[in-house]
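See below for the structure under consideration.
Predicted model only: the values in this text are computed from it and were never measured. In what follows, chains are A, B, ... by sequence order, proteins preceding strands, each numbered from 1.
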Amino acid sequence: MHHAADYFDQLFEWALQLIRQGDAYVDEQSAEEMRANRGTLTEPGIPSPYRDRDPKESEALFLKMRDGKLAEGAAVLRAKIAMDSPNMNLRDPALYRIRHVPHPRAGTKWCIYPTYDFAHGQSDAIEGITHSLCTLEFEDHRPLYEWLLKKLPVPNRPKQTEFSRLELEGTVTSKRKLNALVSEGHVDGWDDPRMPTIAGMRRRGYSPEGIRLFCERIGVTRKPNTIELQILEGAIRDDLEGRAHKAMAVLDPLKVVVTNWDQPVLDLDVAWHPKRPELGSRTLPFGPELWIDRSDFEVNPPEGFFRLTPGGAVRLKYGFIVDFEGMDVGPDGRVETVYVRYDPATRSGQDQSGRKVKGTIHWVPGTAPRVPINLYDRLFTVPDPGQYEDFSSVLNPASLVVCQGLVEPALLNAMPEAYFQFERVGFFKQDPATVDGQPIFNRAVTLKDAWAKKQ
RNA sequence: UGGGGUGUGGCCAAGUGGUUAAGGCAGCGGGUUUUGAUCCCGCCAUCCGUAGGUUCGAAUCCUACCACCCCAGCCA
């Protein structure tokens with residue numbers, strides 16, 4: 001990492017040189033006067049009364065600026081270019097201004113600081129940069145960037161190239177707006193998993209490779225664009241599909257009792273990934289009591305529903321086919337427990353029964369630990385929040401839903417760097433806030449769900 | 001009504017004078033499947049902002065027009 005502050009001494013010397021060359025002058029107009037004299041888009045500006053002062057006088061004033069002898073706003077160093085330029089950025093842009101504040105890196109050494117325009121190209125040159133990339137709004141600054149490089153004895157001449165910024169549906173990407181989200185407390189920080197920052201995406205569970213795949217898919221151009229969220233999510237899914245450990249978790253538990261289970265708990269040995277044996281396997285206990293997702297049982301199933309129903313049967317993934325036997329319904333009409341019978345001849349991997357069922361659902365053992373699972377969704381309810389003057393009014397109140405889910409016991413073991421797919425649910429990763437034996441999972445992205453879409 | 005940019009299918013994006021306008025995402029249809037996931041197959045712009053023109057031939061060259069974005073901070 002390099003910082004412009006590392007070059008403040010050199011930048012100051014170069015500013016002095018511009019003054020001596022007659023290419024810069026100290027202007028003592030107020031900010032308001034400068035604005036008034038800058039002209040408009042269609043009318044040229046009016047030269048400052050200080051524009052043609054003796055360079056020696058400018059130099060003396062500039063030194064006074066540096067020495068803290070002038071108040072903020074009392075004077076500013078300006079490039080002497082052209083007040084009638086059709087390019088507003090060339091109407092004698094400010095190069096240095098007085099700020100009686102310490103600098104986060106340079107401390108209290110300076111009370112004058114270079115503007116973006118004066119620091120940019122020269123810093124690039126010092127760093128030996130050959131191609132300086134930035135976004136389209138700086139296109140109009142390129143002539144200024146080049147003007148400064150030409151006027152100064154810089155070690156090399158970087159070339160500025162602009163491209164369009166990346167706009168993503170359902171979020172904001174400008175630093176200022178992101179900063180507002182953080183400082184106004186709408187998110188927990190710059191690495192909040194809902195933030196479109198690298199830190200946020202990593203914490204959410206996006207892999208570096210997935211992020212790069214996304215970048216490859218969207219390309220780089222000079223066209224204004226707004227990328228659909230699906231392109232990001234699709235890239236993340238495509239990458240995670242191949243690298244995630246596959247496990248089971250139940251977000252909204254419904255108790256299931258296997259009434260004919262007449263043996264000790266059966267420890268199933270299940271591979272972490274069906275296509276990647278090198279990832280190894282884990283133990284998954286199957287017993288008389290377990291949990292399934294509430295959405296996988298319907299008393300009055302809609303057309304095409306092939307999960308568990310009264311009178312129906314499903315396969316419990318990696319386990320057995322079970323047949324519905326009965327259920328307990330609470331006073332509020334809510335199903336509390338489902339009773340099933342398992343078919344011993346249908347054990348996964350050694351099923352010789354020939355039975356076929358329409359659905360296979362995920363489950364966790366009755367002893368499954370309960371852990372917090374953060375379900376993240378888009379931060380905003382509209383695709384273009386940046387267009388709203390007060391974007392906090394279109395925040396998605398459900399951008400984070402914390403649920404207490406049940407996960408298979410193997411997930412209690414620390415695997416902080418692993419990506420997980422909770423089968424039929426989505427991709428997840430442990431949050432860094434996880435402490436020993438108390439994992440917290442973040443949902444990176446859901447799985448595609450053709451059934452949900454059909455509903 | 002100054003200057004700088006950009007316009008190719010729902011979203012991205014190749015293509016810069018010559019067969020039927022790449023590819024990805026999304027969508028649709030079908031197959032495989034102990035994840036309604038993955039995977040596989042097929043379909044998806046007679047048309048490239050609009051209108052003219054040049055040419056044997058144009059999304060690609062010319063002209064005009066239209067639309068949208070950026071610039072009047074001592075912000076970056």
Go through the N and O atoms of the side chain of [X] and the base of [N], and report whether any donor-acceptor pair is under 3.5 Å.
X	N	value
Arg307(A)	G36(B)	yes
His362(A)	A37(B)	no
Asp140(A)	G3(B)	yes
Glu216(A)	G24(B)	no

Contact nearer the 5' end of RNA chain B, comparing Ile361(A) with Ser30(A):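 The residue closer to the strand's 5' end, by nearest nucleotide, is Ile361(A).
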
Give me the distance, rounded to whole Å, that separates [N] from [M] when you measure between the [atom1] atoms they each carry.
N	M	atom1	value
G18(B)	U6(B)	C1'	28 Å
G24(B)	U19(B)	C1'	25 Å
U8(B)	U60(B)	C1'	11 Å
C39(B)	U33(B)	C1'	9 Å

Donor-acceptor side-chain pairing of Asp239(A) and Tyr419(A) below 3.5 angstrom: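 No, Tyr419(A) and Asp239(A) have no side-chain donor paired with an acceptor closer than 3.5 Å.
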
What is the base-pairing partner of [N], counting Watson-Crick and G-U wobble geometry with both distances under 3.5 Å?
N	value
C61(B)	G53(B)
A37(B)	none
G7(B)	C66(B)
U1(B)	none

Give a yes/no answer on whether the side chain of [X] brings an N or O atom under 4.0 Å of OP1 or OP2 in [N].
X	N	answer
Arg424(A)	G36(B)	yes
Arg97(A)	A76(B)	yes
Lys175(A)	A76(B)	no

Nucleotide G36(B), atom P - distance to CG of Asp293(A) in whole Å: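 Distance, rounded to whole Å: 12 Å.
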
Select one nucleotide: of A76(B), C71(B), G36(B), the one nearest the side-chain heavy atoms of Tyr116(A).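 Selected nucleotide: A76(B).
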
Reckon [X] touches a base, only the sugar-phosphate, or nothing at all at heavy-atom distances under 4.0 Å?
X	result
Thr226(A)	sugar-phosphate
Gly349(A)	base
Gly234(A)	nothing

Test: Glu241(A) and Arg237(A) ion pair at under 4.0 Å: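 No, Glu241(A) and Arg237(A) are not salt-bridged.
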
Any idea if G73(B) is syn or anti, going by the 90°-from-0 cut?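 That one's syn.
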
